[in-house]
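Before any comments, here is the structure.
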Amino acid sequence: MKYRENKNLNLAQVGVDMLSHWKQNNIFEATLKNREGHEAYTFYEGPPSANGTPGIHHVISRAVKDIFCRYKTLKGYKVERKGGWDTHGLPVELQVEKQLGITKEDIGKKISVEQYNQKCREAVMQFKGEWDDLTEKMGYWVDLDDPYITFDRKYMETLWYLLKKFYDKGLLYKGYTIQPYSPAAGTGLSSHELNQPGAYRDVKDTSLVAQFKIKGTENDYFLAWTTTPWTLPANNSLAVGEHINYVKIKTFNPYTFIPVQVILAKDRVASFFDGKAENLSFDEYKQSDKLIPWTIVAEYKGTDLVGMEYEQLLPYVALPAPAFTVLAGDFVSTEDGTGIVHLAMTFGADDHRVSVKNNVPGVLVKDENGNDVPIVDKQGRFVKEITDFAGMYVKNYTGEDENDPNYKPTDVLIAIKLKEDNKAFKVEKYVHSYPHCWRTDKPVLYYPMDSWFIKATAYKDKLVAFNKTINWKPESTGSGRFGNWLENLVDWNLSRSRFWGTPLPIWRTDDGKEEICIGSIAELKEEVAKAIEAGYMQEQIPDDFDLHRPYVDNIFLVSPSGEKMLREPDLVDVWFDSGSMPYAQWHYPFENEEVFKKKYPADFIAEGVDQTRGWFFTLHTIAVMLFDSVAFKNVIANGLVLDKDGNKMSKRLGNAIDPFKTIAEHGPDATRWYMISNSNPWDNLKFDVNGIIEAQRRFFGTLQNTYSFFALYANLDNFDWQEDPSNYYTQTESDRWIISKLNSLIAQVDSAYDEYEPTRAARAIQNFVIDDLSNWYVRLNRKRFWKGELNADKKTAYKSLHTCLVTVAQLASPIAPFYMDKLYLDLTLEDKKGSKSIHLTDFPKSDTALVDKDLEQQMDLAQNISSLVHSLRKQHKLKVRQPLSRILIPVLDAKTKTQIQAVEDIILNEVNIKSIEYVDNTSGIIVKKAKPNFRKLGQQYGQMMKELSQQIGKLDQKAIAGFETSGALELEVKGQKITLGPDDLMIQSEDIPGWTVATEGGITVALDIHISEELQREGIARDLVNRIQNLRKELGLEVQDKIKVVVDDANSIVTESIQHNRDYICVETQALQLEVVNGVENYKEIEIDNIVVKLNVAVVKPN
RNA sequence: GGGCCUGUAGCUCAGGUGGUUAGAGCGCUACACUGAUAAUGUAGAGGUCCGUGGUUCGAGUCCACGCAGGCCCA
């Protein structure tokens, strides 16, 4: 039996090797089989889209997912994880458009919808191979063979089922939203299209400050500014800022010279009124005067104005109350305009939102079918009801020459009319940035577009309440970001006017009076059968009917009254696709009802924080509204991956990290370990490759070294870890200590994982391996491993170290699955139980009986004291090789003394000191210091603390001694007597007069720096050993080679040293002979404390 | 403009419920060790805890207002 000895650690190679081991032995499948019949832990995979290559940020979010699935598997749960792909939506469509060199308009013309969607279907899985490759190489265990795919017809059928459920509950309705619209192109524009470079450009428009007459006044007006005068006939209300200050100003209208009083924001007065004209005489004013007098006559808060009514500015279309009132708007600012905003519900998103909120009707007219339509038609012309401007284009959509002196834009004509009617206060040209249609170059209008909504607002309270039961990591994302989003919920706009997506399963008659929502393919067939009977359809749809466009669009149904019904042309939001995955991945309710019920809701999901409004929201909303449940119980919202300077990674800037390259160079484990241990997943990660290298060197390197050390000697001794398992840890102090530490670690790591704190787990493991196991346990116990036969003590040492290594591997395996599996297999050599992988084992259990906090404290003391002695040695330039006789440690209580005594050997060994002497309280030579117990005294004495602590600091030795014997002390602070009890002061030793001391954390150490002749001889002997060892190494000798040493007798002190320490030197250097002679042949010169020694080292050949 | 997060040593990060020398690793400097050796150990230098106010006997920690960076949404 041999433990594998690996010289060089190559984590990248380990990743490759273990991956093939897993594949060959079907380990992933085995981990599931291993937990057959166990309780399920449900994880939902948020589907990525494979139309682009994966980035390094995908590695961290998938590492997080993987960690908890592996952890729960070790804990005994059955953790199936079905993969998935998000396949519909705009990004794919845009990619295909680009690839084919077409635009949205060409679809259905240059290319059929059928062909186009076929292209999308191909494009969306373009990089599936790379994704699968990364998934494997990074060690993300997820079922890639049977993923859910959102374009699958079964998947889509579930979506229809869900949509119908919404519909039946009355939660799916048709309304409209204000969206960018290009009258010239006759199409709505997505925000994506508006964000195209060049879409926004500076234009010179007619801006206008209109006077809105306040109801019931003679000549009082609100002033509101607009850069789109054509929207004024649609004005339905005004908005003010509640916290903005307003003033009423008495002045004259500059066009009609009629006396008026106008209201506007105080901050904006200077922009409209000349300071020189303030308080000029109104009586002396003549129409030809340049300066128009004005004066402030009243001040208001925004809240004072809210609710005031005014007269309609351009009364073409009458509106019922509460139209034409002042509303509060959170978007109102005093950066420009008048601080009062004109609202036209039909032509602005804010306008629409505020109007709906306040139940203010918009300005609408009836079309020929009796439907409500806005006052501008889809071509961009005023409707006939706007008599003065009927048929006029609100912007230049007909290509008129704007440089023609006779050209008058509609905005100007409106301005002229308002001026004449004493309704305009200021008209001027204004340059601003305005969006343009990228196809036609013509200005965009914000226009009401038909849309289907899910009435999420109706379930707001429930959505909020259920959210509070979800465990969010970090908590703030749940209560803040997500919670606030729910608090300010608006209805979910489902409609998308695109081609590649799930079609809305609603058919309607032309007049919109009859409609049907289809919830399954079977139902569609039934309806088609009726339609065939009614003569609207020729034949039944096939069994493998594709639910995509254009096929669904070619289906006509018949209404109960016999009318023909057409499908509503919209697709549903792709977020509905992914939010439906808990149901659709199982084709619920058409199949797998039992499976679905077992795996709902999810115990755990994890995605980027940018999904808050995306997947997290849609999962939650569908679950709460339709299933009266949360969709997930625990969620980690991880942060972004930035470059090492904190900048966003982008392919354009060239600072993006290639995940394949990173894993190939540094291995998956170091990459994962770095990402998890460096910072919490929910904090942004500043990705620095040097961090991976450090993790590799420091953590994996140390662990591997520790293993190599074990393997080297265990193999020499033929140690079998499966033998003699009894009582191994009880023998030696340091064994009991490391096993105690190990069991503390297990508990710590277990709870960290359990609380979804992977970073805490990683750091705890790392500290144990580096500080406790390698730097302390192994270092202190080295000799036990190499000295002598394989006796009981040696076995316990092996056993302890082996246990630590195996356990660490198990604890760390969720984070570093490849290396830890290899380490485990190397350690257990595919043990008798036949375990082929660490991932098939059970998570270690912390045995509290083995945890000895007292012992852990003792070892802390040993480390502290050693550190203090090292520090003292350094101060006096006394190297550790030079033995010293003693240290003094003042001990004020018996417990400390016992604790130090327990680890005395360790300390003496570590710092090369002969003995520890304890100076107890009765010796009278310790200088002590008293410190107030701030926590206790502070609460009691409050304001007197400052002086009290000063007095305590000044206490002399006598006073402290008195306090120690009586347990009480009286002080006088500010004339008040204070009696201090035993717990009020902390007494520490501080100094021993005449000694050099070092103090830390209440422990004081004094070092005897006197070097006797004997000590000096011993020191020299040690140096000699050191030098001889070096020479052995230079000669290239093996550990077991014996030597003969001859030393020149030129220095009496060296000679004496050899005489006194002959045995020691011989044992340490494996010397069979050690001679001191006069005149050495073939000598080498070495130097010990400036003494030059001549000696010769030669191999003694075995006989 | 709103919501949320972050700001502690040159770099990456720790610092329950406020309590008196603010910690670790890396890097740097020096030393030691040489039977884990392309390893290892120890020590040292290095801090206006982003700023300004406030609460308190006492603030890195609590509150307010800012500043800088990031994300999401307008």
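Every chain is numbered from 1 and lettered A, B, ... according to where its sequence line falls, protein lines coming before strand lines. Just so you know, these numbers use all the heavy atoms, side chains as well, and skip hydrogens, waters and symmetry mates.
- Nearest nucleotide to the A:R481 side chain, out of B:U40, B:U6, B:C71: B:C71.
- Comparing the P positions of B:C71 and B:G66 gives a spacing of 22 Å, expressed to the nearest Å.
- To the nearest angstrom, P of B:C13 lies 10 Å from CG of A:N684.
- Between the P atom of B:A39 and the CG atom of A:L9 lies a distance of 13 Å, rounded to the nearest Å.
- Although no hydrogens or angles enter the test, the distance criterion places a donor-acceptor pair under 3.5 Å between the side chain of A:N684 and the main chain of A:L640.
- For the pair A:E910 and A:R779, the salt-bridge criterion is met [side-chain N within less than 4.0 Å of a carboxylate O].
- To the nearest 0.5 angstrom, A:N767 atom CG is 12.5 Å from A:L773 atom CG.
- Under the Watson-Crick or G-U wobble criterion, with both distances below 3.5 Å, B:G44 is paired with B:C28.
- With both pairing distances under 3.5 Å, B:C49 is matched to nothing as a Watson-Crick or G-U wobble pair.
- Comparing the P positions of B:C33 and B:A24 gives a spacing of 25 Å, expressed to the nearest Å.
- Taking the centre of each ring, A:F347 and A:Y446 stay at or above the 6.0 Å mark.
- In this structure, A:S734 OG and A:I906 CD1 are separated by 5.5 Å, a value rounded to the nearest 0.5 Å.
- With C1' as the reference atom, B:U21 and B:G46 are 16 Å apart, rounded to whole Å.
- With both ends at atom C1', the span from B:A9 to B:C26 equals 12 Å, rounded to whole Å.
- In plain terms, the two heavy atoms of A:A637 and A:P474 that are nearest each other are O-CD, 3.9 Å.
- Computed from coordinates, the A:R779 CZ to B:G35 P distance equals 15 Å when rounded to whole Å.
- As the counterpart of B:G35, no nucleotide is assigned, since no Watson-Crick or G-U wobble pattern has both distances under 3.5 Å.
- Taking 3.5 Å as the limit, the base of B:C13 and the side chain of A:R763 contain no donor-acceptor pair of atoms between them.
- A donor and an acceptor atom, one from each side chain of A:R881 and A:N1026, are located under 3.5 Å apart.
- Within the 4.0 angstrom heavy-atom criterion, no nucleotide atom of any strand lies near A:D1023.
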Enumerate all atom pairs, one protein N or O and one N or O from nucleotides 29-32 of chain B, separated by less than 3.5 Å.
none

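- One N or O donor and one acceptor, one from the side chain of A:S774 and one from the base of B:A36, sit under 3.5 Å apart.
- Using N1 to N3 plus N6-O4 or O6-N4 for Watson-Crick, or N1-O2 and O6-N3 for G-U wobble, each under 3.5 Å, B:C71 pairs with B:G3.
- Taking atom CD1 of residue A:I676 and atom C1' of nucleotide B:C13, one finds them 15 Å apart after rounding to whole Å.
- In this structure, A:D688 reaches neither bases nor backbone, as no heavy-atom distance under 4.0 Å exists between it and the strands shown.
- Checked against a 6.0 Å centroid threshold, the rings of A:Y674 and A:H666 do not count as neighbours.
- Across the C1' atoms, B:G23 and B:G15 are found 7 Å apart, a figure rounded to whole Å.
- A:L642 places its CG atom 14 Å from the P atom of B:G7, with the value rounded to the nearest Å.
- Between B:A14 and A:N680, a contact under 4.0 Å exists linking OP1 or OP2 to a side-chain N or O.
- Residue A:W673 is tested with A:Q696, A:Q766, A:R698 for a side-chain contact (heavy atoms from CB on, under 4.5 Å); the sole match is A:Q766.
- Between the CG atom of A:D772 and the NZ atom of A:K741 there is a distance of 4.5 Å, given to the nearest 0.5 Å.
- Spacing between B:G41 and B:G27 at atom P, rounded to whole Å, works out to 12 Å.
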If you restrict it to nitrogen or oxygen atoms, what contacts under 3.5 Å exist between nucleotides 66-68 of chain B and the protein, and what is each distance?
none

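- Atom name P, nucleotides B:G10 and B:U6: the rounded distance is 22 Å, in whole Å.
- The phosphate of B:C13 has OP1 or OP2 within less than 4.0 Å of a side-chain N or O from A:N678.
- Distance OG/A:S677 to CD1/A:I815: 8.0 Å, rounded to 0.5 Å.
- Among the atoms of the strands shown, base atoms are found under 4.0 Å from some heavy atom of A:N705.
- Aromatic rings from A:F710 and A:Y3 are positioned such that their centres are separated by under 6.0 Å.
- Nucleic acid contact class of A:N767 (heavy atoms, under 4.0 Å, all strands): none.
- RNA chain B is contacted by both A:R782 and A:R613; A:R782 maps to the nucleotide lying nearer its 5′ end (nearest heavy atom per residue).
- A:Q704 has its CD atom 12 Å from the C1' atom of B:A39, to the nearest Å.
- With RNA chain B read from its 5' end, the first of the two nearest nucleotides for A:N1026 and A:K686 is the one closest to A:K686.
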### Message
Counting primed atoms plus P, OP1 and OP2 as sugar-phosphate and everything else as base, spell out the protein contacts along nucleotides 60-65 of chain B at 4.0 Å heavy-atom distance: B, S or - for each nucleotide, 5' to 3'.
### Response
------

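- As rounded to the nearest Å, B:G18 and B:C57 have C1' atoms that lie 12 Å from one another.
- When each of B:C26, B:C71, B:C13 is scored by its nearest atom to the side-chain atoms of A:E694, the top-ranked nucleotide is B:C26.
- How far OH of A:Y777 is from CZ of A:F768: 10.0 Å, rounded to the nearest 0.5 Å.
- Scanning all heavy atoms of the two residues, the minimum distance from A:V64 to A:A606 falls at CG1-CB, 4.0 Å.
- Checking B:U61 for Watson-Crick or G-U wobble geometry (two distances, each under 3.5 Å) identifies no partner in any strand.
- The separation between A:L868 atom CG and B:U42 atom P is 13 Å, rounded to whole Å.
- Proximity of A:S867 to the phosphate of B:A43: a side-chain N or O atom is located under 4.0 Å from OP1 or OP2.
- Rounded to the nearest 0.5 angstrom, A:W682 CH2 and A:N680 CG are separated by 4.5 Å.
- A straight line from OH of A:Y674 to P of B:C11 spans 14 Å, rounded to a whole angstrom.
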